[in-house]
Amino acid sequence: MVREARREDLDSLLKLYLFLHEERIPDHDRHLTETWEQILGDRNHHLIVNEVGGQIVSSCVCVIIPNLTRNVRPYAFIENVVTHADHRGKGYAGECLEYARQIAEKENCYKMMLLTGSKKAGTLRFYEKAGYNSSDKTAFIHWIGMDR
(Lines give C-alpha, C1' and ligand atoms only; values in the text may rest on other atoms or scores of the structure.)
Protein backbone atom coordinates (compact mmCIF):
# COMPACT_ATOMS: atom_id res chain seq x y z
CA MET A 1 0.00 0.00 0.00
CA VAL A 2 1.49 3.32 -1.09
CA ARG A 3 0.68 6.27 1.14
CA GLU A 4 2.17 9.33 2.76
CA ALA A 5 4.15 8.80 5.94
CA ARG A 6 2.48 9.17 9.31
CA ARG A 7 3.95 10.31 12.62
CA GLU A 8 4.39 6.71 13.82
CA ASP A 9 6.50 5.79 10.75
CA LEU A 10 9.66 7.59 11.86
CA ASP A 11 11.54 4.62 13.31
CA SER A 12 10.71 2.41 10.31
CA LEU A 13 11.90 5.10 7.90
CA LEU A 14 15.15 5.61 9.77
CA LYS A 15 15.84 1.86 9.57
CA LEU A 16 14.97 1.84 5.85
CA TYR A 17 17.42 4.71 5.23
CA LEU A 18 20.24 2.38 6.29
CA PHE A 19 19.74 0.85 2.81
CA LEU A 20 20.16 4.27 1.18
CA HIS A 21 23.41 5.80 2.37
CA GLU A 22 23.10 6.26 6.10
CA GLU A 23 25.60 4.48 8.33
CA ARG A 24 23.56 4.67 11.52
CA ILE A 25 20.20 5.69 12.85
CA PRO A 26 20.38 9.21 14.29
CA ASP A 27 19.80 9.85 17.97
CA HIS A 28 16.22 10.59 18.96
CA ASP A 29 17.01 14.10 20.08
CA ARG A 30 15.25 17.44 19.86
CA HIS A 31 16.70 18.19 16.41
CA LEU A 32 15.37 14.92 14.96
CA THR A 33 11.95 15.45 16.53
CA GLU A 34 11.71 19.05 15.29
CA THR A 35 12.82 18.04 11.79
CA TRP A 36 10.25 15.22 11.67
CA GLU A 37 7.48 17.59 12.80
CA GLN A 38 8.58 20.14 10.19
CA ILE A 39 8.39 17.52 7.44
CA LEU A 40 4.97 16.32 8.56
CA GLY A 41 3.65 19.87 8.78
CA ASP A 42 4.91 21.07 5.37
CA ARG A 43 2.17 20.74 2.77
CA ASN A 44 4.80 20.80 -0.01
CA HIS A 45 6.88 17.98 1.49
CA HIS A 46 5.52 14.53 0.69
CA LEU A 47 7.30 11.59 2.28
CA ILE A 48 5.89 8.61 0.41
CA VAL A 49 6.11 5.05 1.71
CA ASN A 50 5.19 1.66 0.33
CA GLU A 51 4.02 -0.71 3.04
CA VAL A 52 3.84 -4.48 2.56
CA GLY A 53 2.57 -6.74 5.32
CA GLY A 54 2.79 -3.93 7.85
CA GLN A 55 6.44 -3.17 7.00
CA ILE A 56 7.66 -0.09 5.13
CA VAL A 57 9.74 -1.59 2.31
CA SER A 58 10.26 1.39 0.01
CA SER A 59 10.08 5.17 0.11
CA CYS A 60 10.79 8.41 -1.68
CA VAL A 61 10.43 12.10 -0.98
CA CYS A 62 8.59 14.47 -3.32
CA VAL A 63 8.95 18.19 -2.64
CA ILE A 64 6.79 20.66 -4.54
CA ILE A 65 8.72 23.85 -5.20
CA PRO A 66 6.78 27.05 -5.96
CA ASN A 67 8.14 28.80 -9.04
CA LEU A 68 7.80 32.13 -10.85
CA THR A 69 8.64 30.79 -14.32
CA ARG A 70 6.76 28.42 -16.65
CA ASN A 71 3.55 30.37 -16.22
CA VAL A 72 4.03 30.37 -12.42
CA ARG A 73 3.85 26.58 -12.27
CA PRO A 74 5.71 24.68 -9.56
CA TYR A 75 8.05 21.76 -10.13
CA ALA A 76 8.66 18.61 -8.12
CA PHE A 77 11.94 17.34 -6.78
CA ILE A 78 12.35 13.66 -5.95
CA GLU A 79 14.94 12.50 -3.43
CA ASN A 80 15.80 9.60 -1.12
CA VAL A 81 14.41 6.82 -3.31
CA VAL A 82 15.13 3.61 -1.40
CA THR A 83 13.94 0.02 -1.14
CA HIS A 84 14.88 -2.51 1.54
CA ALA A 85 17.42 -4.95 0.08
CA ASP A 86 15.11 -7.93 0.68
CA HIS A 87 12.33 -6.35 -1.39
CA ARG A 88 14.14 -4.95 -4.44
CA GLY A 89 13.05 -5.77 -7.97
CA LYS A 90 9.37 -6.09 -7.06
CA GLY A 91 8.18 -2.68 -8.26
CA TYR A 92 7.77 -1.05 -4.85
CA ALA A 93 9.96 1.98 -5.59
CA GLY A 94 8.25 2.39 -8.96
CA GLU A 95 4.92 2.55 -7.15
CA CYS A 96 6.32 5.27 -4.88
CA LEU A 97 7.51 7.26 -7.90
CA GLU A 98 4.11 6.87 -9.56
CA TYR A 99 2.43 8.19 -6.41
CA ALA A 100 4.83 11.15 -6.50
CA ARG A 101 3.95 11.76 -10.17
CA GLN A 102 0.27 11.87 -9.25
CA ILE A 103 1.00 14.45 -6.56
CA ALA A 104 3.01 16.53 -9.04
CA GLU A 105 0.19 16.42 -11.59
CA LYS A 106 -2.38 17.38 -8.95
CA GLU A 107 -0.19 20.34 -7.95
CA ASN A 108 0.10 21.40 -11.62
CA CYS A 109 3.86 20.89 -11.74
CA TYR A 110 5.47 21.34 -15.13
CA LYS A 111 8.32 18.89 -14.44
CA MET A 112 9.76 16.42 -11.98
CA MET A 113 13.47 16.11 -11.28
CA LEU A 114 15.53 13.62 -9.37
CA LEU A 115 19.19 13.07 -8.69
CA THR A 116 20.88 9.77 -8.02
CA GLY A 117 24.35 9.09 -6.79
CA SER A 118 24.24 5.63 -8.33
CA LYS A 119 26.21 4.82 -11.45
CA LYS A 120 24.79 1.29 -11.63
CA ALA A 121 23.29 0.56 -15.04
CA GLY A 122 20.30 -1.21 -13.47
CA THR A 123 19.47 1.75 -11.27
CA LEU A 124 19.73 4.17 -14.19
CA ARG A 125 17.49 1.91 -16.33
CA PHE A 126 14.98 1.84 -13.46
CA TYR A 127 14.73 5.65 -13.50
CA GLU A 128 14.49 5.73 -17.29
CA LYS A 129 11.70 3.13 -17.18
CA ALA A 130 9.93 5.35 -14.63
CA GLY A 131 9.95 8.20 -17.18
CA TYR A 132 13.05 10.16 -16.22
CA ASN A 133 15.89 11.00 -18.59
CA SER A 134 19.44 12.14 -18.06
CA SER A 135 19.79 14.15 -21.26
CA ASP A 136 17.72 17.28 -20.64
CA LYS A 137 19.68 18.82 -17.76
CA THR A 138 23.10 18.68 -16.17
CA ALA A 139 23.23 18.42 -12.39
CA PHE A 140 25.91 19.95 -10.21
CA ILE A 141 26.24 19.31 -6.50
CA HIS A 142 27.92 21.58 -3.98
CA TRP A 143 28.29 19.71 -0.68
CA ILE A 144 28.21 21.88 2.43
CA GLY A 145 29.88 20.80 5.65
CA MET A 146 30.43 17.22 4.52
CA ASP A 147 33.57 15.26 3.85
CA ARG A 148 33.17 13.75 0.38
Side-chain angles (χ1 to χ4, degrees), residues 1-67 69-139 141 146:
M1 172 179 68
V2 182
R3 61 175 173 80
E4 294 210 36
R6 298 185 291 248
R7 184 164 274 102
E8 61 270 19
D9 293 329
L10 177 60
D11 289 330
S12 295
L13 279 165
L14 295 175
K15 288 176 188 170
L16 180 63
Y17 285 161
L18 293 173
F19 294 93
L20 185 61
H21 49 64
E22 296 302 301
E23 296 178 9
R24 66 175 186 81
I25 294 174
D27 294 332
H28 275 268
D29 60 12
R30 182 176 174 199
H31 179 64
L32 176 66
T33 301
E34 288 174 354
T35 301
W36 183 234
E37 291 300 322
Q38 181 181 0
I39 289 168
L40 292 174
D42 184 345
R43 72 172 215 84
N44 286 322
H45 196 130
H46 302 271
L47 207 162
I48 299 160
V49 300
N50 200 336
E51 184 179 41
V52 176
Q55 177 188 5
I56 294 175
V57 299
S58 191
S59 179
C60 75
V61 171
C62 175
V63 179
I64 307 299
I65 301 169
N67 182 39
T69 67
R70 303 287 180 155
N71 203 26
V72 195
R73 291 177 65 194
Y75 57 94
F77 187 77
I78 306 299
E79 185 61 278
N80 296 339
V81 180
V82 61
T83 300
H84 188 289
D86 295 341
H87 298 274
R88 291 184 179 154
K90 299 176 183 171
Y92 298 131
E95 291 173 353
C96 288
L97 290 176
E98 173 58 23
Y99 193 95
R101 188 187 63 75
Q102 291 172 14
I103 291 170
E105 285 182 350
K106 184 178 114 276
E107 295 295 331
N108 195 33
C109 292
Y110 77 94
K111 70 177 177 183
M112 296 177 71
M113 298 186 302
L114 73 82
L115 299 174
T116 181
S118 178
K119 306 291 186 222
K120 295 178 184 175
T123 302
L124 302 179
R125 279 193 306 272
F126 164 73
Y127 289 127
E128 288 171 352
K129 184 179 175 186
Y132 296 85
N133 74 70
S134 60
S135 60
D136 288 344
K137 297 259 183 180
T138 301
I141 306 292
M146 296 179 68

Checklist outcome for this item: Heavy-atom closest pair (Ala100 atom, Cys62 atom, distance to 0.1 Å) is CB-CB, 3.9 Å
Checklist entry - Which of these, Gln55, His87, Glu95, sits in a side-chain hydrogen bond (donor to acceptor under 3.5 Å, both in side chains) with Asn50? => result Glu95
Checklist entry - Between His28 and Asp11, does a side chain to side chain contact (heavy atoms under 4.5 Å, CB included) hold up when you go through it step by step? => result CA-CA 9 Å; His28 275 268; Asp11 289 330; 2.7 Å; yes
Item to check | Rounded distance [0.5 Å steps], CZ in Arg7 versus CD1 in Ile39 | outcome: 11.5 Å
Item to check | Pairwise distance CZ(Phe77) to NZ(Lys111) - rounded to 0.5 angstrom | outcome: 10.5 Å
Checklist outcome for this item: Shortest non-hydrogen pair, Glu4 vs Ile103, comes out as OE2-CD1, 3.8 Å
Item to check | Side chain to side chain, Ser59 and Leu13, heavy atoms closer than 4.5 Å | outcome: yes
Item to check | Heavy-atom neighbours of Arg3 CZ exceed 12 at 6.0 Å | outcome: yes
Checklist outcome for this item: Interatomic distance, CD@Glu128 vs OG@Ser135, rounded to 0.5 Å, equals 8.5 Å
Item to check | Other residues, nucleotides, ligands: >12 heavy atoms within 6.0 Å of Arg6 CZ | outcome: yes
Checklist outcome for this item: Heavy-atom closest pair (Ala5 atom, Leu40 atom, distance to 0.1 Å) is O-CD2, 4.0 Å
Item to check | Flag, side chain of Asn67 to backbone of Arg73, donor-acceptor distance under 3.5 Å | outcome: yes
Checklist entry - Among side-chain atoms of Gln102 and Glu98, is any donor-acceptor pair under 3.5 angstrom? => result yes
Next on the checklist: Counting only heavy atoms from other residues, nucleotides and ligands, does the tally under 6.0 Å from CD of Gln38 exceed 12?
Outcome noted: no
Checklist entry - Which of parallel (below 30°), tilted (30 to 60°) and perpendicular (above 60°) describes Tyr75 and Tyr110? => result perpendicular
Checklist entry - Partners of His31 by side-chain contact (heavy atoms from CB on, under 4.5 Å), sequence neighbours excluded? => result Asp29, Thr35
Checklist entry - Roughly how far, to the nearest 0.5 Å, is CG of Leu115 from OH of Tyr127? => result 10.0 Å
Item to check | Shortest non-hydrogen contact between Thr83 and Phe19, atoms and distance | outcome: O-CB, 4.0 Å
Item to check | Intermediate values then yes/no, side chain to side chain contact (heavy atoms under 4.5 Å, CB included), Arg101 and Glu105 | outcome: CA-CA 6 Å; Arg101 188 187 63 75; Glu105 285 182 350; 2.2 Å; yes
Checklist entry - To the nearest 0.5 Å, how far apart are CG in Asp27 and CG in Leu32? => result 8.5 Å
Checklist entry - Does NZ belonging to Lys15 count more than 12 external heavy atoms closer than 6.0 Å? => result no
Checklist entry - Which atom pair, heavy atoms only, marks the closest approach of Ile64 to Ala104? => result CD1-CA, 4.3 Å
Item to check | Distance, nearest 0.5 Å, that separates NE2 of His46 from OH of Tyr99 | outcome: 9.0 Å
Checklist entry - Would you say the side chain of Phe126 lies within less than 4.5 Å of the side chain of Leu97, judging by non-hydrogen atoms? => result yes
Next on the checklist: Evaluate Val2 against Ile48 for side chain to side chain contact (heavy atoms under 4.5 Å, CB included), listing each step before the verdict.
Outcome noted: CA-CA 7 Å; Val2 182; Ile48 299 160; 3.7 Å; yes
Item to check | Stepwise side chain to side chain contact (heavy atoms under 4.5 Å, CB included) test for Trp36 and Leu14 | outcome: CA-CA 11 Å; Trp36 183 234; Leu14 295 175; over 6 Å; no
Item to check | Which atom of Leu20 lies closest to which atom of Val81, heavy atoms considered | outcome: CD1-O, 3.4 Å
